[in-house]
Amino acid sequence: MTISFRFVTFLSDYGYEDEFVGICHGVLKRIAPEVEVIDIGHGIPPQDVEAGALVLGQAVTFMPPAVHVAVVDPRVGTDRRAVVIGTRAGPPLVGPDNGVLWLAAEALGGAVQAHSIEREELLLTPVSRTFQGRDVFMPVAARLALGMPPEDVGPEVPVDSLVRFEMPKPRVDDDHVHGQVVQTDHFGNLQLNVHRQELEDIGVLLGDRLEIRIGGKSHTGLYCLAFAEVPLGRFAVLEDSYRLLSIGMNRGSATRVLQAARGDAVIFARLRDSAR
Amino acid sequence: MTISFRFVTFLSDYGYEDEFVGICHGVLKRIAPEVEVIDIGHGIPPQDVEAGALVLGQAVTFMPPAVHVAVVDPRVGTDRRAVVIGTRAGPPLVGPDNGVLWLAAEALGGAVQAHSIEREELLLTPVSRTFQGRDVFMPVAARLALGMPPEDVGPEVPVDSLVRFEMPKPRVDDDHVHGQVVQTDHFGNLQLNVHRQELEDIGVLLGDRLEIRIGGKSHTGLYCLAFAEVPLGRFAVLEDSYRLLSIGMNRGSATRVLQAARGDAVIFARLRDSAR
Amino acid sequence: MTISFRFVTFLSDYGYEDEFVGICHGVLKRIAPEVEVIDIGHGIPPQDVEAGALVLGQAVTFMPPAVHVAVVDPRVGTDRRAVVIGTRAGPPLVGPDNGVLWLAAEALGGAVQAHSIEREELLLTPVSRTFQGRDVFMPVAARLALGMPPEDVGPEVPVDSLVRFEMPKPRVDDDHVHGQVVQTDHFGNLQLNVHRQELEDIGVLLGDRLEIRIGGKSHTGLYCLAFAEVPLGRFAVLEDSYRLLSIGMNRGSATRVLQAARGDAVIFARLRDSAR
């Protein structure tokens, strides 16, 4: 058997306090000792499927060819399906059918095929109702990496029947952009669902000062290119490394100062006193 | 020299803030660049030998053949022994002789041999009194993985003299089961030392409602198969992925709601109004 | 092309909540699938260049031959230079030119050469202004590991022009040693910039009791070899695994009890009632 994928990537909400991630690595290595795991990350907030979908969708394009496993699975142990999704670009996605794989499938050219994981002899049996990263998803990913075709995991299911997840769209309303926080990070930056284009649509140029309305309050920020362009403790609005706008501070945490969280509405307007 | 073990697994209470884990990886790779490390986890509460013993005992059966290293070592730098334990199943265990290796030895068929690590030329010298994962355990594990026989680390010590650790046993008392919390996890689940058998011994069947007494208070839970079977915010009692009972909540943290911690007593009884 | 370095080590302040570290791994593996990453650690406090410099300086001597990457980069996206530093011992260092690489360069025999990273075709373009671990440092490290000579990254810059970072020096003043906290760790130990020699210079011997002044208060500790030599909850002052003095407690957190942080002044004196 020739190896189809040298790498398996792994994203989850398992955190780092416990042995869950380590056990999944062990299970993979027992089946496929030559295959390497790349941990995209395991800090997804517990059971937050949308956060998992967003992170995986942004991460997969930076990965080498791989089987991508994502386990954020609040309905583990119920009748929710476990699936393998084939993508136009090639790399298969493995995880629960709850939307967590959807943005990654789109980033890889779209889902072209899907199979429900049902063949018991591929799994660690008896399959637990609580830890299917170990019992279901990693054993299947290991075998896919080793060259098993996806149709061997169980019956084909229509791509149309897969649970989808769409990034919420921003709205440009006259001279305001209405967006929302889609992610917060370790540095306290707020990632938004807003692109440079929407700011430009309301006439904002680099170097302009912006009104930022969030959580019922109004703040001022600079539309710029790097956090260090604003004074310490001031807000910067800039295009981040995924080509989405972020609100951050020079050496401070915007998340903490603004008391903001994922899902919060954000409204931008150009401040009239912006010098040109 | 042929490699005896392709993998070294590594469990500790070193945490992730510091460079301790990374330095241990470096030390291993300097001696044995081809050997791979599987991090079982480094989130054991600082110096909590019992938590380390429980996690390692549960994890080793999911690992490929490996040298297993565990470092939870409150008496580091004193006269406590450092040991290599040979197991019936084959994989050797490396760590302090304080019980942290004991349940893993049992899970691997029992300890059949033990040696005290004393040969200085195997170690990073001068051996520090505070960081023996780096100076003692990883260098020894690397050499065992490369094929060095365990007797080369130092004098044999009687298996009977090793420090043991037994999982506390639950007690069935008429129509109550008396257990305790042996572990809490990232999702807020409480893992108990109680098995399905003990609940069945007091006449509890799947679908029954249970009284859960913990911390001087009484709560109600459902004996079921998956967290998602109970309404949001209610307690589920179910067999977890290690075949022990857990108390959890559907999308909530039982640890936080019950203010519970490892060692807390838990009493179960069948609620009389459980419909059959 | 022959591989020059089998390993790339990686230190950052990216933390573990997000996917930043995982994406950097992916980027490396796309360019150099055979090269292995050793994560020294990613728990450096956000944007704390000095903490990064200290940890990297202590860690590199325990690593196998490697390209060492460090990303603690508060001025990312501005005109601060990105550099490759050649060292006398051989392993190159890759990161921002802000001092984070300096102690590692010294630990590797000193900087002998430096180049500014400017050749765009080596990078992930368009290079983001916020995530240059992904776009700049990892792609360059991957290519150096694969054998690309450092001069290919861009123009040579004088070693004299590199930003330096010196460990603050302790001061021996009659019968007192004046030092400071240079690091705190997961176990609550305070690492100081003081060596055994300075304590011996004021006449302190192993087994002596010390006065420890910190944060405007005075405490008592034992100068000893292992944390377990003092009673539970008492302070030990001992040489740590990097040959610097640490203040710790037997199964307690000195950081928490002393409310201490990096940079805090510490004064030691021998207590007169120390028995000899």
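Chain identifiers are assigned alphabetically (A, B, ...) following the order of the sequence lines, protein sequences preceding nucleic acid strands; residue numbering begins at 1 within each chain.
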Choice from Leu238(A), Val55(A), Ile44(A), Leu56(A) maximising heavy atom contacts with chain C below 4.5 Å: Val55(A)
Pick one of side chain, backbone, both or neither for Arg251(A), based on which atoms fall under 4.5 Å of a heavy atom in chain C. both
Nearest-0.5 Å distance, CZ of residue Phe7(A) to NE2 of residue His25(C): 11.5 Å
Evaluate Arg129(C) against Glu239(A) for salt bridge (Lys or Arg N to Asp or Glu O under 4.0 Å), listing each step before the verdict. CA-CA 8 Å; Arg129(C) 306 286 285 249; Glu239(A) 186 177 61; over 6 Å; no
Chain A heavy atoms under 4.5 Å from Arg80(C): which part of the residue, side chain, backbone, both or neither? neither
Does Arg164(C), at its CZ atom, have more than 12 non-hydrogen atoms belonging to other residues, nucleotides or ligands within less than 6.0 Å? yes
Neighbour count above 12 (heavy atom, 6.0 Å) for Arg6(C) CZ: yes
So which part of Phe10(A) gets closer than 4.5 Å to some heavy atom of chain C, the side chain, the backbone, both or neither? neither
State whether the number of non-hydrogen atoms from other residues, nucleotides or ligands found under 6.0 Å of Arg256(A) atom CZ is greater than 12. no
Among the options Gly41(A), Ala226(A), Gly248(A), Ala66(A), pick out the one with the most heavy-atom pairs lying under 4.5 Å from chain C. Ala226(A)
4.5 Å side-chain heavy-atom contact, Pro126(C) and Arg243(A): yes
Relative to chain C, which segment of Ile38(A) carries a heavy atom at a distance below 4.5 Å: side chain, backbone, both, or neither? side chain
Closest heavy-atom pair and its distance - Pro74(C), Ala228(A): O-CB, 4.2 Å
Do side-chain atoms of His186(A) reach the backbone of Asp13(C) as a donor and acceptor pair under 3.5 angstrom? yes
Would you say Asp18(C)'s side chain and Asp185(A)'s backbone share a donor-acceptor pair under 3.5 angstrom? no
What is the distance from atom CD of Gln47(C) to atom CG of Asn250(A), rounded to the nearest 0.5 Å? 7.5 Å
So which part of Val27(C) gets closer than 4.5 Å to some heavy atom of chain A, the side chain, the backbone, both or neither? both
Minimum side-chain heavy-atom gap Met63(A)-Arg30(C) below 4.5 Å: no
What part of Glu36(A) lies closer than 4.5 angstrom to a heavy atom of chain C: side chain, backbone, both or neither? side chain
Check whether any side-chain heavy atom of Thr130(C) sits under 4.5 Å from a side-chain heavy atom of Phe227(A), and report yes or no. yes
Near Glu156(C) CD, under 6.0 Å, is it more than 12 heavy atoms from other residues, nucleotides or ligands? yes
Side-chain heavy-atom pair Tyr242(A), Ile23(C) within 4.5 angstrom cut-off: yes
Rounded distance [0.5 Å steps], CG in Leu225(A) versus OG1 in Thr78(C): 11.5 Å
Roughly how far, to the nearest 0.5 Å, is the CG atom of Leu28(C) from the CZ atom of Phe62(A)? 14.5 Å
Is it the backbone or the side chain of Thr184(A) that comes under 4.5 Å from a heavy atom of chain C, or both, or neither? backbone
Where Lys29(C) and Pro64(A) come nearest, the two heavy atoms and their spacing: CB-CG, 3.9 Å
Please report the C-alpha distance between Arg75(C) and Glu229(A) in whole Å, then the side-chain angles of each, then the deciding distance to 0.1 Å, and finally whether the salt bridge (Lys or Arg N to Asp or Glu O under 4.0 Å) criterion is met. CA-CA 9 Å; Arg75(C) 300 194 68 239; Glu229(A) 286 182 45; over 6 Å; no
Part of Leu11(A) lying under 4.5 Å from any heavy atom of chain C: neither
Quick one: which of Gly15(C), Gly77(C), Cys24(C) has the most heavy-atom pairs under 4.5 Å with chain A, could you say? Gly15(C)
